[in-house]
Protein chains: 2
Amino acid sequence: MAATIGDVARVAGVSRSTVSYALSGKRAISEETRTRIQEAIEQLGFTPNAGARALATSQTNVLGLYLQFEEDEFAPAMLQYVLPVSTTARDHGYDLLMVTDPDLVNAVRRTTSSAMVDGVVLLDVTYDDVRLEPLRGATQPAVLIGYARNGEGFDSFDLDFGEAARLIVDHLAALGHRDIVLITPPRQVYDRGGSYAWRFRDAAVERAARYGMRLAPHYGESRQPGIVDELDAALAASPDATAIVVHNDATIAALPSYLDKRGIRCPDDLSVIGVFSQDFAQAFSLPFTAVETSPDALGQEAVRRLILRITAPEQAGAPVVRFIEPALVDRGSTRAVG
Amino acid sequence: MAATIGDVARVAGVSRSTVSYALSGKRAISEETRTRIQEAIEQLGFTPNAGARALATSQTNVLGLYLQFEEDEFAPAMLQYVLPVSTTARDHGYDLLMVTDPDLVNAVRRTTSSAMVDGVVLLDVTYDDVRLEPLRGATQPAVLIGYARNGEGFDSFDLDFGEAARLIVDHLAALGHRDIVLITPPRQVYDRGGSYAWRFRDAAVERAARYGMRLAPHYGESRQPGIVDELDAALAASPDATAIVVHNDATIAALPSYLDKRGIRCPDDLSVIGVFSQDFAQAFSLPFTAVETSPDALGQEAVRRLILRITAPEQAGAPVVRFIEPALVDRGSTRAVG
DNA sequence: CTGAAAGCGCTTACAG
DNA sequence: CTGAAAGCGCTTACAG
């Protein structure tokens, strides 16, 4: 069917090894030979067979991206991470194997030990991530987008959610707020071990305590009508709250409509502050001040690091756990009180 | 590093071919030999090398999924199609190579002619889709999710958008509506050749004309503040409109908030009817009657067909263009007028 | 029921 | 500057 390197060699009148070297540039080829080979390649529409190349070089130029679509997760939020990973990989000459098999451990083991991928990107990382075990036995390096307690030995990239919480509480404290509601990720995220959930919440609680502020955390929901019910309940439980902090994608996306419906004016009646990315704000028309989550930067940095570890492990050095610095984007949805 | 079939053979005390046959089940193996092999496999943690297997069998058990993230597209909507494709593929033993390279033609050519994939799933299909040309030369079968004029020879699966439009217009006509606004996909979708855009619009216009109804189409936007501005303009241009039909994901997602803000009650002041999936409705809490777009069914059917064409081409028969039947899901957002 | 061997299409020392 | 050959790790006729 498809042309092989042998066909190219025959048409160009050279040996197969010469064609191979012309392709890789790993040794000098005379100008004339090179053009003959080039012509043969074009004439035959030759592309090297990926399997054969992988077998010979032990490299696939494919990265594995492992993620799950959880029921309690807000799908649009996850997509923000997939895109930069995909783009960055391609920019460096890597394709992406997207693995969504619910049997995580097996999927990781299968794809790594069959040498389908040169490296692994983990999304939806949990505090005790079951995928790390099979990964330790793997020959391929891995990078986590998120943070795992058992992540030792792997590069990790995540937002500094503790710092994000402190930034927000400080901001509200400076404006004079004393009574705050916090909507956290759904309870299932905690159960599953999504550490960003409690890293943010615990830091917020601690910081608020330092200021002597009242801060009431409530588990948010990811689906209607739960989202609205939970908001109602949370606000009813804190009738004097002057601000709401939302660390929950589905809830913040539904908030503009909720506030309208309840006749709550922002920031006049209630200051609002969230945790989401610029892109997310765009897509959902969110007019709220927020800590930027920077999925683009995170994805890009993670993939770059992974590729460095694949191609130049000695340069990559020791595993790094990098918490990127959050920044507050003021969209004017908070105001001074008292 | 990783154990090979030779290692397994040695440990089990059999030949490599016997191990291979034990793996594939393609010939009878004595019970005793089988268990020895099984033990050796487990002891060594053996998984067949994917590249070697691909080289020997000309099969990768990988499907290519080709999509673009367009600026003017509402990302969450696209994800609905990715998920069922991924899930269905895995259910049939296939992994998914996700290709988002902006250089479409080259990406298709490269991945098919290097034999990285056994089959191709095309998303974001346009009326004159440039990816079909390289696909004709490919040895792998392809399936389109969407419709292309130059799609002859390929299996295609899409919603019957013409019928969807007629269903909606009929529904509104039966309720006595005579003056309707239609928000279509963004202009760029038309420019790019997204046929679902005009298939829906043209059918709606034609059907409305038959009833002697006024139907005013407006290009919707995909980002704020354009969405709101365009809605304002569209409604202002049809001050007597009693219903709005929204065939635009970003607009329908923003509509609840818009209606609240403008104090428009639905369906009392305005009947609303959309084109979106059950899942989309859930995620965005959309209380609107709509034509179900069935991304799950579409993705699943498409992948099944593709796999049939890969594994049993003689059974697959002639290429099929399947427009799945739309159904109206009544959520009570339309009412009788006049 | 099992084995020895050829072959899939590349890359890369080894030789010249 | 170029070629002949071994080897990557599988599968599968061919033989027994």
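Residue numbers begin at 1 in each chain, while the letters A, B, ... track the order of the sequences. Hydrogens, waters and symmetry mates are skipped; everything else that's a heavy atom, side chains included, is used.
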Q. Ring centres of Tyr147(A) and Phe323(A) under 6.0 Å apart?
A. yes
**Q.** Phe46(A) CZ - dT11(C) C1' separation (whole Å)
**A.** 12 Å
Q) With a non-hydrogen cut-off below 4.0 angstrom, is Ser20(A) in contact with a base, only sugar-phosphate, or nothing? A) base
Q. Looking at dC10(C), dC10(D), dT2(D), which one has an atom nearest to any side-chain atom of Arg16(B)?
A. dC10(D)
**Q.** Salt bridge flag under 4.0 Å for residues Asp129(A) and Arg149(A)
**A.** no
Q.
Using a heavy-atom cut-off of 4.0 Å across all strands, would you classify Ser24(B) as base, sugar-phosphate, or nothing?
A. nothing
Q: Would you kindly give the NZ-to-C1' distance between Lys26(A) and dT2(D), to the nearest whole Å?
A: 18 Å
Q) Which nucleotide in the set dC10(D), dC1(C), dA13(D) lies at the smallest distance from any side-chain heavy atom of Ala56(B)? A) dC10(D)
Q. Mind checking who dA13(C) pairs with, Watson-Crick or G-U wobble, both distances under 3.5 Å?
A. none
Q: To the nearest Å, give me how far apart OH (Tyr21(B)) and C1' (dA4(C)) are.
A: 12 Å
Q. Below 4.0 angstrom from OP1 or OP2 of dC8(C), is there any side-chain N or O of Thr57(B)?
A. no
Q.
Just the rounded figure in Å: distance from P of dG9(D) to CD of Gln59(A).
A. 15 Å
Q: For the side chain of Ala28(B), starting at C-beta, report the closest nucleotide among dG3(D), dC1(C), dT11(C).
A: dC1(C)
Q. Side chain of Ser17(B), base of dA4(C): donor and acceptor closer than 3.5 Å?
A. yes
**Q.** Between P of dG9(D) and CG of Leu23(B), the distance in whole Å
**A.** 16 Å
Q) What nucleotide, of dC10(D), dG3(C), dT12(C), holds the atom closest to the side chain of Ser15(B)? A) dG3(C)
Q: Could you state the atom-to-atom distance from CZ of Arg53(B) to P of dT12(D) in whole Å?
A: 9 Å
**Q.** Nearest heavy atoms of Met116(A) and Ala50(B), plus distance in Å
**A.** CG-CB, 3.5 Å
Q) When we call it a touch if two heavy atoms are under 4.0 Å apart, what does Ser58(B) touch: a base, just sugar-phosphate, or nothing? A) nothing
Q. How many angstroms lie between CD in Glu152(A) and CG in Leu132(A), if you round to the nearest 0.5 Å?
A. 11.5 Å
Q. Looking at Ala107(B) and Val99(B), what are the two nearest heavy atoms and their distance?
A. CB-CG1, 3.7 Å
Q: Select from Ala52(B) and Arg34(B) the residue whose nearest nucleotide in DNA chain C is closer to the 5' end of that strand.
A: Arg34(B)
Q: In whole angstrom, give the distance that lies between atom CG of Leu55(B) and atom P of dG9(D).
A: 12 Å
Q.
Classify Thr4(B) by what it touches in the nucleic acid, base, sugar-phosphate, or nothing, heavy-atom distance under 4.0 Å.
A. sugar-phosphate
Q. Considering Watson-Crick and G-U wobble pairs with both distances under 3.5 Å, what does dA4(D) pair with?
A. none
Q. What nucleotide among dA13(C), dA6(C), dT2(C) has an atom nearest to a side-chain atom of Arg27(A)?
A. dA13(C)
(Q) salt bridge (Lys or Arg N to Asp or Glu O under 4.0 Å), that's the test. Do Arg36(A) and Glu32(A) meet it? Break it down for me. (A) CA-CA 6 Å; Arg36(A) 277 219 313 285; Glu32(A) 193 218 323; 2.7 Å; yes
Q. When you match Ile5(B) and Ile29(A) each to their closest nucleotide on DNA chain D, which lands nearer the 5' end?
A. Ile29(A)
Q: Starting from P on dG3(D), measure out to CZ on Arg36(A) and report it in whole angstrom.
A: 8 Å
